[in-house]
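For reference, the structure is listed below as structure tokens.
Along the sequence shown, residues carry numbers from 1. Below, each value reflects all heavy atoms present in this structure, side chains not excepted, and no hydrogens, waters or symmetry copies.
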Amino acid sequence: LRGLVEHLMAQREQERKRALEAEVARAELERRIGEEESGRPPAPTKGAQRKAALQAERKVAAEMRKRRQQDDQIRSLKERAEFTLKEASKTRDEAEAEAISVKAQHLAHAQVEARFLAEAFAQEEAVKVKAELEEYTQLRMEELVKVEAELKANIVTEAEAVKA
């Protein structure tokens with residue numbers, strides 16, 4: 001947009017120069033034509049002088065109006081460019097904030113999932129350990145029952161041997 005503004009300003013300056021050059025050339029041609037027709041420069045009358053002054057004022061006023069309009073257009077373009085830039089910056093900031101929010105949500109979800117998996121794994125391991133402990137306890141109980149039966153059998157055998 002800056003390039004466009006600079007281009008418009010340069011173009012305006014060129015147009016102003018061309019208009020002034022054309023006005024000077026026109027005045028010079030009118031002077032020459034007047035000299036050639038009468039052989040001497042015509043003396044301007046008060047009405048003609050006033051008319052020329054009014055035309056010159058109108059021309060200057062028109063050029064000033066044109067220049068103000070171009071300045072207004074340039075200012076308007078600058079304002080629109082600044083507004084667009086601010087909007088783009090605001091949109092970028094909002095997108096970054098949303099991306100951070102989404103990332104935080106994903107991390108929170110992953111943390112919850114990891115905690116759930118860890119608890120499930122711990123529970124599964126606890127069930128395995130409990131089953132192994134129960135199996136081990138059952139085996140030990142069976143061994144104790146066998147040892148107790150053997151001890152009772154030995155006691156009975158020894159008691160019979162002592163009686164005999």
Side-chain angles (χ1 to χ4, degrees), residues 1-36 41-42 44-145:
L1 287 174
R2 286 184 181 148
L4 177 62
V5 169
E6 290 173 2
H7 174 72
L8 287 174
M9 290 177 77
Q11 187 178 8
R12 180 190 69 192
E13 187 63 27
Q14 289 173 353
E15 291 296 324
R16 188 182 64 77
K17 284 180 182 179
R18 275 194 244 149
L20 289 174
E21 290 171 359
E23 180 62 25
V24 168
R26 186 187 61 80
E28 180 64 25
L29 283 175
E30 286 178 356
R31 186 185 59 79
R32 284 184 186 169
I33 291 172
E35 286 177 0
E36 289 176 4
T45 62
K46 281 189 175 184
Q49 287 176 342
R50 188 168 190 205
K51 187 176 180 182
L54 284 174
Q55 285 178 344
E57 275 185 42
R58 286 183 192 140
K59 185 176 181 179
V60 168
E63 286 177 8
M64 293 299 288
R65 220 177 8 261
K66 184 178 178 182
R67 185 174 181 184
R68 278 193 307 270
Q69 287 174 346
Q70 287 176 343
D71 287 344
D72 289 343
Q73 287 175 345
I74 290 170
R75 191 177 311 110
S76 175
L77 282 172
K78 283 182 180 179
E79 288 172 358
R80 280 188 279 173
E82 288 173 4
F83 178 77
T84 303
L85 185 62
K86 285 179 184 177
E87 286 295 314
S89 178
K90 181 180 174 184
T91 303
R92 184 195 69 225
D93 292 344
E94 289 173 356
E96 287 175 353
E98 186 175 336
I100 289 170
S101 174
V102 168
K103 191 173 186 178
Q105 287 176 350
H106 285 296
L107 288 174
H109 178 67
Q111 185 179 14
V112 167
E113 189 174 333
R115 188 174 293 141
F116 174 75
L117 290 174
E119 287 175 5
F121 179 75
Q123 202 171 30
E124 187 178 306
E125 288 299 313
V127 167
K128 285 180 184 177
V129 167
K130 185 178 179 184
E132 288 175 3
L133 185 61
E134 286 177 1
E135 185 180 330
Y136 180 75
T137 305
Q138 183 65 31
L139 288 174
R140 287 292 182 207
M141 289 300 285
E142 288 174 4
E143 287 177 8
L144 284 174
V145 169

- Message: Let's go through Glu21 and Val24 carefully: what are the C-alpha distance in whole Å and the side-chain angles of both, what is the deciding distance for side chain to side chain contact (heavy atoms under 4.5 Å, CB included) to 0.1 Å, and is it a yes or a no?
- Response: CA-CA 5 Å; Glu21 290 171 359; Val24 168; 5.8 Å; no

- Query: Does atom NZ of Lys78 have more than 12 heavy-atom neighbours, drawn from other residues, nucleotides or ligands, at distances under 6.0 Å?
  - Reply: no

- Item | Check: Thr91 side chain, Glu87 main-chain N or O, donor-acceptor pair, under 3.5 Å | yes

- Task: Given side chain to side chain contact (heavy atoms under 4.5 Å, CB included), test Arg18 with Glu15 step by step and report yes or no.
- Result: CA-CA 5 Å; Arg18 275 194 244 149; Glu15 291 296 324; 3.1 Å; yes

- Query: Checking side chain to side chain contact (heavy atoms under 4.5 Å, CB included) for the pair Lys128/Glu124: CA distance, chi angles, key distance, verdict?
  - Reply: CA-CA 6 Å; Lys128 285 180 184 177; Glu124 187 178 306; 3.8 Å; yes

- Task: Measure the spacing between CD of Glu6 and CG of Leu8 and express it to the nearest 0.5 Å.
- Result: 10.5 Å

- To the nearest 0.5 Å, how far apart are CD1 in Ile74 and CZ in Arg67? 10.0 Å

- Message: Testing the basics here: between Ala19 and Glu63, what is the closest heavy-atom pair and its distance to 0.1 Å?
- Response: CB-OE2, 4.0 Å

- With a 4.0 Å cut-off, would you call Glu119 and Arg115 a salt bridge? no

- Message: Just verifying a value: how many Å separate Arg68 CZ and Arg75 CZ, rounded to the nearest 0.5 Å?
- Response: 11.0 Å

- Task: Return yes if some donor-acceptor pair links the side-chain N/O of Thr84 with the main-chain N/O of Arg80 below 3.5 Å, else return no.
- Result: yes

- Apply the test salt bridge (Lys or Arg N to Asp or Glu O under 4.0 Å) to residues Glu30 and Arg26: give CA-CA distance (whole Å), side-chain angles for both, the deciding distance (0.1 Å), then the verdict. CA-CA 6 Å; Glu30 286 178 356; Arg26 186 187 61 80; 2.5 Å; yes

- Taking atom CD of Gln123 as the centre, report whether more than 12 heavy atoms of other residues, nucleotides or ligands fall under 6.0 Å from it. no

- Query: Above 12 or not: heavy atoms from other molecules or residues under 6.0 Å from CD of Glu125?
  - Reply: yes

- Answer yes or no: is there an ion pair linking Arg16 with Glu13, defined by an N-O contact shorter than 4.0 Å? yes

- Any donor-acceptor N/O pair, Ser76 side chain to Asp72 backbone, under 3.5 Å: no

- Would you mind checking if Glu82 and Lys86 are paired as a salt bridge, meaning a charged N to carboxylate O distance below 4.0 Å? no

- Query: Got a second to check how far Lys90's NZ is from Asp93's CG, nearest 0.5 Å?
  - Reply: 10.0 Å

- Note on the structure: CD of Gln105 to CD of Glu98, rounded to nearest 0.5 Å, is 9.0 Å

- Task: State the CZ-CZ distance between Arg65 and Arg58, to the nearest 0.5 angstrom.
- Result: 11.0 Å

